Participant: 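Below: one structure in structure tokens.
As the structure is a computational prediction, the values presented were derived from the model and not from experiment. Chain A is the first sequence line, chain B the second, and so forth, proteins listed ahead of strands; every chain is numbered from 1.
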Amino acid sequence: MGSEMNSRFDFKTLEPKIYEKWEKSGFFNPDNLVKKGIIKKDAKPFSIMLPPPNVTGILHMGSALMLVIEDIMIRFQRMRGRKTLWLPGTDHAAIATEAKVAKHLWDKEHKSKHDLDRESFLKRIDQFVEENRNTMLVQMRAIGASLDWSRLAFTLDEARNLAVRTAFKRMYDDGLIYRGTRVVNWDPRGHTTVSDDEVEHEEREAILYTFRYSKDFPISIATTRPETKLGDTAVAVHPDDTRYKKYVGRTYEISFAGEPLTIKVVSDRKIDPKFGTGALGVTPAHSMIDAEIAEKNNIPIKQVIDEQARMLVGGDGIKGEKVAVAREAVLGWIRKDNLLEKEEKISQNISVSQRTGAVIEPLPKLQWFIDVNKNFNVEHSTLKGIRANQKTTLKKIMQTAVRSKDIEILPHRFNKIYFHWIDNLRDWCISRQLWYGHQIPVWYRGDDVYCGVTPPKGPGWKQDPDVLDTWFSAALWTFSTLGWPKKTKDLETFHPTDVLETGYDIIFFWVARMILMSGYLLGEVPFRTVYLHGIVRDEQRRKISKSLGNNIDPLDMIELYGTDAVRMSLIAGTMPGGDSKISEDKIRGYRNFTTKIWNASRFVLMNYDEELKAKPSYTKSDKAHLAQLERLKKKITADLEDFKFHQAGETLYHYFWHTFADKIIEDSKKRLYGDNPAEKRAAQETLMTILKECLKMLHPFTPFVTEEVWQMVPKSKSEQRMIMVEKW
RNA sequence: GGGCGAUUAGCUCAGUGGUAGAGCGCUUCGUUGACAUCGAAGAGGUCAGAAGUUCGAUACUUCUAUCGCCCACCA
């Protein structure tokens, strides 16, 4: 049989065939494992929900790493006899997808989405998504991911939409979702609100201007945005600041840049007396902290900037102008009236929309929010530290689940980051002024408001035009994929899931919100362990990005070196939460390893003589090798259970190459080529035993080459014909 | 401003309270029979710096330096 083996593993033709064979076997689906008697009916479940990649994207090294780590866990647990489910899906990524299609529409037809009606625009998106989704699914298969395709889900399909409407309705009825006017992050380019987490900070140089509103006003203030001062309704000072104490409580009527202002002087502990003049001009409509100060001191909100970032008030050259133009006009006015006292360059962090790069304009707007601090009654709870019928808050659920060790976050240092985020968490703005996404299940008719899973009966009702933040549906992912709100067998069997494996960059967006939703809706955690991987970087430690042109396409690498090689090189040097590096050299190195597996196997097979019936006479060193193998098995098993994938991978690499191939095989040649049948037999059996065990342990890492070799290896009746389901 | 991480061979990184490790690269040699996508041997390190704990510290503690990351609207 060995003579049929080429000296190289022909991954290009074999890998797709092997994947097809796996898929056809149906063993990716846990139900079939039971049906075909591979595992017991009451086998312990093991489940992972694939973090759904954006439908717009193509597979990059980061998603490849995610798929590989999860596939290693899944294959390992499947071989250990667990009822193993790995459920695939894709994310509709509301804002990202809509922006992409809108750009195509503009580039190709020079039309905006408003030139189409809502329905036609959504049709375009659906088309685009459908095409993209399929290439994405092909790519996931190329990585060798043993996903249960029969359960494929999409965050915007009908089943998930029902889950979203149901969740929304329940939260609405509990008063956890409310509609209100608050200062929110407005993205003037995307023309939508974004949540606090979708805002990034960029350091930029700015000019800090110190001036007075008018000659009659006693206090100087400092600002980098003079045009917003038309919206000032107060000046805040520190209560202990002796310079200003005498003014606190007084109100001034003044005219500033052609705009009448009513300014009240208030005191607030948030003010730093040492910064600027120690006095803050409070602009409640266009600054988050100013809005807080205003609310506390009962100061009116005055909006002076609109959704297009244009001025709503002011004299000539100000009203109707863009903020940048208005700023110069206001400054001109200040200079002319000789009110400017100081101008200095400072470096300042400005808020930028993560998605569009536009400078965020805080605006007061009527939006939907999730209240994270409101008390409610939990109906059912298996969470440690929260009993059924106990009053709690969403924030407390998120905190308790991790603090009580119901959920373990790996590596542990992310615990601190997680808690810090929750401590500072404000209400989550969930409405988006987009067309693509889950439309908010609320209808209006005059002053009537109706929230329901299905539309209200009767004429004249109009649904809220906004859609939900894409993370709202993503937050339901661990159970919406299993059929919730229906009480399904899957939900009962596979929830809570065992592991959530994802990148550390979405711990807030996603991990925390899943804990919130699962805790609230099911009274249980969404997963037991969170394993966070890092960012894949290039040789120079740079992030891989299109603009840098340093993108190494995983599919190109698979084409050149095979999937097994790409998988190994992604795993090597991957600590939990640590960034890893990838380079073509590294992949080439691991391609050599797959060749090594192939050739060592070829040697063992070529020298294994099934006709030789001699009773083997094992030597001391045979026994030592087998004992060493047992120790190795224990170590690899422990490492994999312990999420030390790189450790296990490297240990196997080293053992297989430098112990098994270089030493054990080399030392056995004398006996293999000699003419003592008992010795020959012992050598053959020893090598075969070690080979088979190595194939099994290597299978989660390099599934293709090990599966191909397994097909050729002599197997006993109790052994599976496919290594994928062979006992660990 | 607050928090976190990193610093070990030329490069990329493991690791441990007791003689410093791997891969790649480099040098020399070998190999026509599993594999040149190979094998053997070798050069190469004050384990960032300082102090402390210890019989002993690369590892534990503290401080310092440099780099990186996250959080935060000093207006």
Side-chain angles (χ1 to χ4, degrees), chain A residues 2-3 5-9 183 185 196-197 199-201 206 208-210 221-226 228-229 232 235-236 270-283 286-293 346-351 360 362 411 413-421 423-424 504-505 507-508 534-535 537-543 561-562 565 569 572-575 577-583 585-586 588-607 644 646-647 649-651 653-654 657-658 661-663 665-666 669 672-673 687:
Chain A
S3 57
M5 287 175 81
N6 197 292
S7 75
R8 293 175 197 188
F9 174 57
V183 177
N185 304 298
D196 295 344
D197 302 284
V199 175
E200 283 174 350
H201 302 279
L208 183 67
Y209 303 96
T210 306
I221 54 154
T223 185
T224 53
R225 297 194 59 188
T228 64
K229 298 292 100 182
D232 282 14
V235 163
K270 279 222 170 103
I271 306 301
D272 177 3
K274 287 193 230 52
F275 186 86
T277 62
L280 168 70
V282 182
T283 322
H286 303 290
S287 159
M288 297 285 188
I289 52 157
D290 290 16
E292 278 173 34
I293 292 171
I346 58 162
S347 87
Q348 183 197 217
N349 278 323
I350 57 151
S351 304
I360 292 294
R413 66 185 149 90
F414 284 99
N415 276 306
K416 219 175 191 172
I417 297 173
Y418 176 83
F419 287 127
H420 180 260
W421 180 79
D423 290 343
N424 295 298
Y504 65 69
D505 48 335
I507 180 167
F508 308 132
I535 295 167
R537 294 169 184 276
D538 73 356
E539 287 156 289
Q540 283 124 62
R541 259 178 161 260
R542 299 176 304 182
K543 261 191 188 181
Y561 303 108
S569 50
T574 308
M575 294 288 288
D579 293 352
S580 52
K581 267 156 248 120
I582 189 103
S583 66
D585 277 345
K586 194 172 169 184
R588 196 179 295 122
Y590 283 105
R591 188 269 322 264
N592 296 353
F593 179 57
T594 59
T595 308
K596 192 56 149 179
I597 297 175
W598 183 252
N599 278 298
S601 304
R602 186 156 75 114
F603 177 84
V604 174
L605 283 164
M606 267 166 40
N607 290 286
K644 293 177 180 162
H646 75 286
Q647 192 95 299
E650 278 161 29
T651 305
Y653 173 95
H654 201 261
W657 198 321
H658 301 297
D662 289 348
K663 302 229 161 61
I665 288 185
E666 287 307 319
K669 282 182 176 170
L672 286 176
Y673 300 148
L687 292 183

Participant: Rounded to whole Å, please give me the gap between CG in Asp423(A) and C1' in C71(B).
Facilitator: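 Going from Asp423(A) (CG) to C71(B) (C1'), I get 12 Å.
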
Participant: So what does Arg8(A) touch, heavy atoms closer than 4.0 Å: a base, only the sugar-phosphate, or nothing?
Facilitator: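 Base, at least one base heavy atom under 4.0 Å.
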
Participant: Do Val282(A) and Val235(A) have side-chain heavy atoms sitting under 4.5 Å apart?
Facilitator: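 No, side chains not in contact.
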
Participant: If you measure from the C1' atom in A22(B) to the same atom in A72(B), how many Å do you get, rounded?
Facilitator: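 Approximately 42 Å lies between the C1' atom of A22(B) and that of A72(B).
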
Participant: Do the non-hydrogen side-chain atoms of Thr210(A) and Thr223(A) ever get within less than 4.5 Å of each other?
Facilitator: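 Thr210(A) does not reach Thr223(A) side chain to side chain.
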
Participant: OP1 or OP2 of C4(B) less than 4.0 angstrom from a side-chain nitrogen or oxygen of Lys416(A), does that happen here?
Facilitator: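 Indeed, a polar side-chain atom of Lys416(A) lies that close.
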
Participant: With pairs taken as Watson-Crick or G-U wobble and both distances under 3.5 angstrom, which stems of at least three consecutive pairs involve RNA chain B?
Facilitator: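 Counting only runs of 3 or more consecutive pairs, the stems involving RNA chain B are B:1-7 with B:65-71, B:10-13 with B:21-24, B:26-30 with B:38-42, B:48-52 with B:60-64.
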
Participant: Counting N and O atoms only, with roles assigned by atom type, does the side chain of His286(A) sit under 3.5 Å from a partner on the main chain of Pro362(A), one being a donor and the other an acceptor?
Facilitator: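 Here the side-chain-to-backbone pair exists.
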
Participant: Can you see whether Asp197(A) engages Trp421(A) through a side-chain donor-acceptor pair at a distance of less than 3.5 angstrom?
Facilitator: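 Short answer, yes.
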
Participant: Mind checking the C1' distance from C47(B) to U8(B)? Whole angstroms is fine.
Facilitator: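 Pairwise C1' distance, C47(B) against U8(B), rounds to 4 Å.
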
Participant: In whole Å, what is the span from the CG atom of Asp505(A) to the P atom of G5(B)?
Facilitator: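 Spelled out: CG on Asp505(A) to P on G5(B) is 19 Å.
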
Participant: Looking across every strand, which nucleic acid part, if any, lies under 4.0 Å from Lys644(A) by heavy atom: base, sugar-phosphate, or nothing?
Facilitator: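 Touches nothing.
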
Participant: How far does CZ of Arg8(A) sit from CZ of Arg602(A), to the nearest 0.5 angstrom?
Facilitator: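 If I round to the nearest 0.5 Å, the distance is 10.5 Å.
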
Participant: When we call it a touch if two heavy atoms are under 4.0 Å apart, what does Tyr590(A) touch: a base, just sugar-phosphate, or nothing?
Facilitator: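 Tyr590(A): no heavy atom of the nucleic acid under 4.0 Å.
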
Participant: Grab the CZ-C1' distance between Phe419(A) and C4(B) for me, whole Å please.
Facilitator: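 Value for this atom pair: 16 Å.
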
Participant: Would you indicate which nucleotide in A14(B), C38(B), G5(B) comes nearest to any side-chain atom of Arg413(A)?
Facilitator: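 Among A14(B), C38(B), G5(B), the one nearest the side chain of Arg413(A) is G5(B).
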
Participant: Excluding sequence neighbours, so at least two apart, what forms salt bridge (charged side-chain N to carboxylate O under 4.0 Å, His left out) with Asp232(A)?
Facilitator: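 Per chain and number, Asp232(A) pairs via salt bridge (charged side-chain N to carboxylate O under 4.0 Å, His left out) with Lys229(A).
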
Participant: Figure out the CG/P separation between Asn6(A) and C35(B), and round it to whole Å.
Facilitator: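 Rounding to the nearest Å, CG of Asn6(A) and P of C35(B) are 11 Å apart.
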
Participant: Taking atom C1' in both G23(B) and G44(B), what distance in whole Å separates the two?
Facilitator: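 Nearest-Å result for G23(B) against G44(B) at atom C1': 15 Å.
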
Participant: Check every strand shown and say whether Lys274(A) touches a base, only sugar-phosphate, or nothing at a heavy-atom separation below 4.0 Å.
Facilitator: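 Result for Lys274(A) = nothing.
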
Participant: For Phe508(A) and for Asp662(A), locate the closest nucleotide of RNA chain B by heavy-atom distance; then report the residue assigned to the nucleotide nearer the 5' terminus.
Facilitator: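 The answer here is Asp662(A).
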
Participant: Might you list the N or O atoms of the protein lying below 3.5 Å from N or O atoms in nucleotides 72-74 of chain B, with each pair's distance?
Facilitator:
residue : atom : partner   : partner atom : Å
A72(B)  : N6   : Asn349(A) : ND2          : 2.7
A72(B)  : N1   : Asn349(A) : ND2          : 3.2
C73(B)  : OP2  : His201(A) : NE2          : 3.4
C73(B)  : N3   : Met288(A) : N            : 3.4
C73(B)  : N4   : Met288(A) : N            : 2.7
C74(B)  : O2   : Asp272(A) : OD2          : 3.2

Participant: Ignoring hydrogens and angles, answer whether the base of A40(B) and the side-chain atoms of Glu666(A) contain a donor-acceptor pair closer than 3.5 Å.
Facilitator: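 No.
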
Participant: Distance check, P atoms only: A43(B) and A48(B), in whole angstrom units.
Facilitator: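 So the two P atoms sit 23 Å from each other.
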
Participant: For Ala661(A), which contact category applies under a 4.0 Å heavy-atom criterion: base, sugar-phosphate, or nothing?
Facilitator: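 Base, at least one base atom sits under 4.0 Å.
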
Participant: Which of parallel (below 30°), tilted (30 to 60°) and perpendicular (above 60°) describes Tyr653(A) and His658(A)?
Facilitator: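 It falls in the perpendicular class, over 60°.
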
Participant: Measure the distance from CD on Gln647(A) to C1' on G23(B) and round it to the nearest whole Å.
Facilitator: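 So the CD-C1' distance, Gln647(A) to G23(B), works out to 15 Å.
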
Participant: Under 4.0 Å between a side-chain N or O of Tyr418(A) and OP1 or OP2 of C4(B)?
Facilitator: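 Checking Tyr418(A) against C4(B): no side-chain N or O falls below 4.0 Å of OP1 or OP2.
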
Participant: Nearest-nucleotide wise, let me know which of Tyr653(A) and Lys596(A) is further upstream toward the 5' end of RNA chain B.
Facilitator: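 Going by which nucleotide is closer to the 5' end, it is Tyr653(A).
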
Participant: Distance between the C1' atoms of U12(B) and U54(B), in whole angstroms?
Facilitator: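 After rounding to an integer number of Å, I get 34 Å for this pair.
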
Participant: Just how far, in rounded Å, is P of G15(B) from NE2 of His654(A)?
Facilitator: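 So the two atoms are 15 Å apart, to the nearest Å.
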
Participant: Using the P atom in both, what is the distance from G25(B) to G39(B), to the nearest Å?
Facilitator: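 The answer is 12 Å between these two P atoms.
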
Participant: Report the distance from atom CZ of Arg225(A) to atom C1' of A75(B), rounded to the nearest whole Å.
Facilitator: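 Atom-to-atom, Arg225(A) to A75(B), this comes out as 12 Å.
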
Participant: Where the side chain of Thr595(A) is defined as all heavy atoms beyond and including C-beta, which of G39(B), C35(B), A34(B) is the nearest nucleotide?
Facilitator: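 Selected nucleotide: C35(B).
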
Participant: Take Leu672(A) and Phe603(A), measure what side chain to side chain contact (heavy atoms under 4.5 Å, CB included) needs, and give me the verdict at the end.
Facilitator: CA-CA 11 Å; Leu672(A) 286 176; Phe603(A) 177 84; 3.7 Å; yes

Participant: With sequence neighbours left out, write down each residue that passes salt bridge (charged side-chain N to carboxylate O under 4.0 Å, His left out) with Lys270(A), or none if nothing qualifies.
Facilitator: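 Here the qualifying residues are Glu292(A).
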
Participant: Rounded to whole angstrom, note down the C1' distance from G21(B) over to A9(B).
Facilitator: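 One C1' to the other, the span is 10 Å.
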
Participant: If you look at every strand shown and take non-hydrogen atoms under 4.0 Å, does Arg591(A) touch a base, only sugar-phosphate, or nothing?
Facilitator: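 The residue Arg591(A) makes base contact.
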
Participant: Applying side chain to side chain contact (heavy atoms under 4.5 Å, CB included), can you list everything that pairs with Ile417(A), at least two apart in sequence or on another chain?
Facilitator: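 Ile417(A) satisfies side chain to side chain contact (heavy atoms under 4.5 Å, CB included) with Phe414(A), Phe508(A) only.
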
Participant: Would you indicate which nucleotide in A34(B), A75(B), C70(B) comes nearest to any side-chain atom of Ile665(A)?
Facilitator: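 For Ile665(A), the side-chain atoms sit closest to A34(B).
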
Participant: For Glu666(A), give me all partners under salt bridge (charged side-chain N to carboxylate O under 4.0 Å, His left out), at least two apart in sequence or on another chain.
Facilitator: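 Glu666(A) satisfies salt bridge (charged side-chain N to carboxylate O under 4.0 Å, His left out) with Lys669(A) once adjacent residues are dropped.
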
Participant: May I ask you to verify if any side-chain N or O of Trp657(A) is less than 4.0 angstrom from the OP1 or OP2 atom of G23(B)?
Facilitator: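 No.
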
Participant: Between G52(B) and A14(B), how far apart are the two C1' atoms, rounded to whole Å?
Facilitator: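 Going atom to atom, C1' in each nucleotide, I get 28 Å.
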
Participant: Could you state the CD-P distance from Glu650(A) to G23(B), rounded to the nearest angstrom?
Facilitator: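 In whole Å, G23(B) P and Glu650(A) CD are 11 Å from each other.
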
Participant: Measure from the side chain of Asn592(A), starting at C-beta and using heavy atoms only, and say which of G39(B), C38(B), C71(B) lies closest.
Facilitator: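 Minimum distance to the Asn592(A) side chain belongs to C38(B).
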
Participant: Would you say the side-chain atoms of Ser287(A) pair up with the backbone N or O of Thr283(A), donor to acceptor, closer than 3.5 Å?
Facilitator: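 No.
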
Participant: Among C35(B), A75(B), G5(B), which nucleotide sits nearest the side chain of Thr223(A)?
Facilitator: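 Out of C35(B), A75(B), G5(B), the nucleotide with an atom closest to Thr223(A)'s side chain is A75(B).
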
